[in-house]
Protein chains: 2
Amino acid sequence: MPKPPRRPLTLRDVSEASGVSEMTVSRVLRNKGDVSEATRLRVQEAAKRLGYVPNKIAGALASSRVNLVAVVIPSLKNMVFPEVLSGISETLETTPLQPVVGVTDYRQDKEEKVLFEMLSWRPSGVIIAGVEHSDASKAMLARAGCPVVEIMDTDGEPVDCCVGISHRRAGRQMAEAILQAGYRRIGFVGTKMPLDHRARKRFEGFTRQLGKAGLEIADQEFYSGGSALAKGRELTHQMLSRTPDLDFIYYSNDMIGAGGLLYLLDRGIDVPGQIGLAGFNGVELLDGLPRQLATMDACRRTIGERAAQMILDRQEGDLEPELVELEPTVTLGDTLTRS
Amino acid sequence: MPKPPRRPLTLRDVSEASGVSEMTVSRVLRNKGDVSEATRLRVQEAAKRLGYVPNKIAGALASSRVNLVAVVIPSLKNMVFPEVLSGISETLETTPLQPVVGVTDYRQDKEEKVLFEMLSWRPSGVIIAGVEHSDASKAMLARAGCPVVEIMDTDGEPVDCCVGISHRRAGRQMAEAILQAGYRRIGFVGTKMPLDHRARKRFEGFTRQLGKAGLEIADQEFYSGGSALAKGRELTHQMLSRTPDLDFIYYSNDMIGAGGLLYLLDRGIDVPGQIGLAGFNGVELLDGLPRQLATMDACRRTIGERAAQMILDRQEGDLEPELVELEPTVTLGDTLTRS
DNA sequence: ATGAAAGCGCTAACAT
DNA sequence: ATGTTAGCGCTTTCAT
């Protein structure tokens with residue numbers, strides 16, 4: 001076995017090894033332009049034998065085409081985002097485009113940094129979670145020179161394209177469903193607001209809708225950090241100790257909702273008879289709980305797919321900005337029906 | 001507001017706007033070399049005003065330095081990998097290096113493609129899950145021309161560096177703990193093998209250790225796809241219908257284990273008195289279940305941190321390959337003690 | 001402290 | 001069908 005050279009191989013090496021000009025080698029390796037079957041084979045053989053890996057840096061610079069799509073999301077630990085990512089990856093799978101992920105930890109300063117970093121690779125498109133960004137970020141997006149799709153949330157003013165759901169409306173809808181089922185003493189358990197605009201909007205929509213029915217949130221509690229399941233237990237316990245006559249708790253996500261559910265069942269409390277519950281997200285992960293938690297699907301997969309498609313559609317022509325508001329489906333499950 | 005030009009800005013634009021040579025502008029923007037305070041300010045002002053974003057493609061080509069670390073993992077949906085990623089990101093946070101993630105879906109053909117794709121960006125390092133790879137992938141890794149760290153698993157022959165745990169030993173250890181607690185009729189519920197080498201190795205270590213005690217797996221079941229929680233319920237039900245005298249079930253991960261636990265509790269079965277349970281991974285997510293599931297921490301975060309550090313250490317000198325086997329900690333929890 | 005020239009490895013555009 | 005030439009936007013190196 002020949003000792004591999006320390007220097008990475010270049011087109012030139014393949015060219016010399018195959019006795020074919022660099023240009024033709026390049027054509028073969030990209031399946032571009034007419035190349036005779038004979039030379040094609042010789043080149044492919046040489047490239048394979050040497051273990052040549054093309055240098056995309058050089059290719060991208062020369063062609064000013066970078067087949068990367070920057071995907072900027074707040075977190076990977078949240079379940080929600082990996083699912084969006086799946087939708088994106090799958091849609092891009094059969095295309096030359098490739099997603100590259102950057103994580104912001106729900107922090108605008110980090111979003112700025114990540115965005116700057118990614119834009120400096122001159123991607124073919126940007127998919128970014130949320131419609132709230134710092135002025136600097138908005139300016140960068142506006143000048144990105146490539147299609148931009150803001151995802152997850154439609155309550156705001158996108159720079160270019162947008163696909164998501166209205167979280168305000170989602171909050172309202174859930175409030176309606178709860179009221180219609182006859183619950184009246186309603187508590188809310190959520191994540192600390194400043195971090196998560198979408199959770200905040202759901203809360204706002206929720207309280208506003210209750211307000212229209214002349215009701216107020218009977219109790220509320222906000223958490224941050226820790227295992228969501230454990231937090232759900234803990235906060236549910238706290239809330240019921242403080243406000244024992246609650247007949248419903250709305251959680252800002254399914255995981256804490258599940259924690260609450262497990263707590264109530266442990267205590268032998270009748271769900272949904274004595275207390276009803278609902279979460280948000282419709283995470284498949286939780287199928288298999290003792291009761292199916294009422295929730296609302298955030299259309300994560302679809303959002304990913306649509307966003308990727310918007311980027312693809314805009315690779316050639318200069319299409320108009322596209323704004324898509326998806327319809328989240330409500331699942332009443334076993335925790336929001338007093339039948 | 002001036003209409004932004006379609007063409008992305010170049011150093012030259014900043015140079016002209018500031019009346020400073022391209023070279024000096026470059027120096028300012030990279031904090032490299034001596035520049036007088038006066039020019040530095042003028043340049044920074046101009047760059048900011050224009051909204052200049054440097055072109056890393058060109059920079060990387062010119063300097064043949066690409067500050068990317070390729071991270072190749074099987075999946076993002078598995079919890080486990082996002083945690084490894086956190087460890088990596090955090091360690092690289094304060095350095096010029098940046099992780100870029102590629103996902104293989106546990107498929108070797110896809111791993112090859114992803115690896116080729118990533119290597120064609122000439123990254124400063126590669127972190128890749130597992131030690132089992134196709135010959136082609138191994139060849140690519142060997143010739144990558146940058147440090148390579150194989151992670152998660154130490155049972156095999158790494159190309160360069162390696163940090164992880166021995167899943168065979170993990171399986172053995174869990175078997176020992178179970179035997180020591182006095183369980184004898186032991187069932188196994190796992191993921192379908194060919195996909196996941198680490199799960200397979202745990203299973204092998206587990207059965208081998210039982211064998212040493214003269215025992216065989218009393219029943220076993222493998223699943224693929226679907227909600228792990230629901231599968232855990234379902235398979236536990238099936239297994240106990242078929243083999244009612246089981247006194248222990250070992251699950252290949254915590255999520256199906258949790259499903260099993262919820263099922264048994266629903267049925268009013270005494271855990272761990274009548275049946276003991278254990279999973280694998282030590283996912284924090286599950287703190288808050290009615291019982292704490294016995295499990296083993298796979299050191300995910302540490303693995304990420306160490307791997308990133310190995311890459312960092314190898315940026316300058318040519319260090320020796322480093323092989324690190326971590327010690328997973330066993331948590332007996334509430335489901336593996338017949339006190 | 002600043003500038004000028006050369007070239008990173010590839011591809012677009014034009015020969016032939 | 002194949003080869004030649006001139007850059008892509010930056011950094012390296014060497015001058016000044």
Side-chain angles (χ1 to χ4, degrees), chain A residues 5-44 46-47 50-68 96 117 119-124 145, chain B residues 5-44 46-47 50-68 96 117 119-124 145:
Chain A
R6 214 63 218 136
R7 168 183 66 77
L9 298 170
T10 67
L11 261 190
R12 165 166 231 126
D13 296 306
V14 182
S15 165
E16 282 168 4
S18 64
V20 174
S21 79
E22 280 189 48
M23 197 52 235
T24 303
V25 171
S26 166
R27 281 197 265 257
V28 171
L29 267 25
R30 286 179 298 144
N31 292 317
K32 201 123 192 218
D34 292 326
V35 181
S36 75
E37 199 52 25
T39 35
R40 151 164 278 109
L41 288 174
R42 278 174 59 200
V43 169
Q44 283 172 334
L50 298 177
Y52 172 69
V53 178
N55 186 331
K56 286 216 179 187
I57 306 271
L61 183 60
S63 64
S64 44
R65 245 190 297 283
V66 181
N67 291 326
L68 298 177
E117 206 69 22
L119 288 181
S120 71
W121 289 101
R122 302 285 188 268
S124 296
Chain B
R6 212 66 219 134
R7 169 183 65 77
L9 297 170
T10 68
L11 263 189
R12 167 168 228 124
D13 296 308
V14 182
S15 165
E16 283 169 2
S18 63
V20 175
S21 79
E22 279 190 48
M23 197 52 239
T24 303
V25 172
S26 166
R27 281 197 266 258
V28 172
L29 266 25
R30 285 178 299 144
N31 292 318
K32 200 118 190 226
D34 292 326
V35 181
S36 74
E37 198 51 26
T39 37
R40 149 164 279 108
L41 288 174
R42 278 174 59 202
V43 169
Q44 284 172 334
L50 298 178
Y52 171 69
V53 177
N55 186 331
K56 286 217 178 184
I57 306 270
L61 182 61
S63 65
S64 44
R65 246 191 296 283
V66 181
N67 291 327
L68 298 177
E117 206 68 21
L119 288 180
S120 71
W121 289 100
R122 302 284 188 269
S124 295

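Residue numbers begin at 1 in each chain, while the letters A, B, ... track the order of the sequences. No hydrogens, no waters, no symmetry mates; every other heavy atom, side chains included, goes into these values.
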- [ ] Tell me which residues in residues 27-38 of chain B put a heavy atom below 4.0 Å from DNA chain C, sorted by number, or none.
- [x] Arg27(B), Asp34(B), Val35(B), Ser36(B)
Open item on the list: Test of understanding: with salt bridge (charged side-chain N to carboxylate O under 4.0 Å, His left out), list the residues that count as partners of Arg12(B), not counting sequence neighbours.
Closed with: Glu16(B), Glu22(B)
TODO: For residues Asp13(B) and Pro8(B), report the shortest heavy-atom separation together with the two atoms involved.
DONE: OD2-O, 4.3 Å
Task: Closest approach of Leu50(A) to Val14(A) (non-hydrogen atoms, all atoms of both residues) - done: CD1-CA, 4.0 Å
Task: Those residues of residues 15-25 of chain B lying under 4.0 Å from DNA chain D by at least one heavy atom - done: Met23(B)
Open item on the list: Quick check for you: name the first and last nucleotides of DNA chain C, 5' to 3', having an atom under 4.0 Å from a heavy atom of chain B.
Closed with: dA1(C) to dG9(C)
- [ ] Select base, sugar-phosphate, or nothing to describe what Thr10(B) touches, counting heavy atoms under 4.0 Å on all strands.
- [x] sugar-phosphate
Open item on the list: What verdict does the side chain to side chain contact (heavy atoms under 4.5 Å, CB included) test give for Arg65(B) and Arg122(B), after you've listed the backbone C-alpha separation in whole Å, the side-chain angles of each residue and the deciding distance to 0.1 Å?
Closed with: CA-CA 8 Å; Arg65(B) 246 191 296 283; Arg122(B) 302 284 188 269; over 6 Å; no
- [ ] Could you list where the contact with chain B starts and ends along DNA chain D, reading 5' to 3', using a 4.0 Å heavy-atom cut-off?
- [x] dG9(D) to dT12(D)
Name each donor-acceptor pair under 3.5 Å that joins a side chain in residues 23-30 of chain A to protein atoms two or more places apart or in another chain, with its distance.
from: Thr24(A); atom 1: OG1; to: Ser21(A); atom 2: OG; distance (Å): 3.1
from: Ser26(A); atom 1: OG; to: Arg30(A); atom 2: NE; distance (Å): 3.1
from: Ser26(A); atom 1: OG; to: Arg30(A); atom 2: NH2; distance (Å): 2.9
from: Arg30(A); atom 1: NE; to: Ser26(A); atom 2: O; distance (Å): 3.4

Open item on the list: Any carboxylate oxygen within less than 4.0 angstrom of a Lys/Arg side-chain nitrogen, looking at Asp34(B) and Arg40(B)?
Closed with: no
Task: Rounded to 10 degrees, the angle between the two terminal axes of the helix from dA1(C)-dT16(D) to dT16(C)-dA1(D), each from five pairs - done: 30°
- [ ] Sequence neighbours left out, what passes side-chain hydrogen bond (donor to acceptor under 3.5 Å, both in side chains) with Gln44(B)? Give chain and number order.
- [x] none
- [ ] For Asn67(A), enumerate each residue passing the side-chain hydrogen bond (donor to acceptor under 3.5 Å, both in side chains) test, keeping only those at least two apart in sequence or located in another chain.
- [x] none
Residue list, side chain to side chain contact (heavy atoms under 4.5 Å, CB included) with [X], at least two apart or on another chain:
{"X": "Ala62(B)", "result": "none"}
{"X": "Ser36(A)", "result": "Ala38(A), Thr39(A)"}
{"X": "Leu61(B)", "result": "Ile57(A), Ala58(A), Leu61(A)"}

Open item on the list: If we ignore hydrogens and angles and just use 3.5 Å, is the side chain of Ser120(A) paired with the main-chain N or O of Val53(B) as donor and acceptor?
Closed with: no
- [ ] Starting at OH of Tyr52(B), measure out to OG of Ser18(B) and round the result to the nearest 0.5 Å.
- [x] 11.5 Å
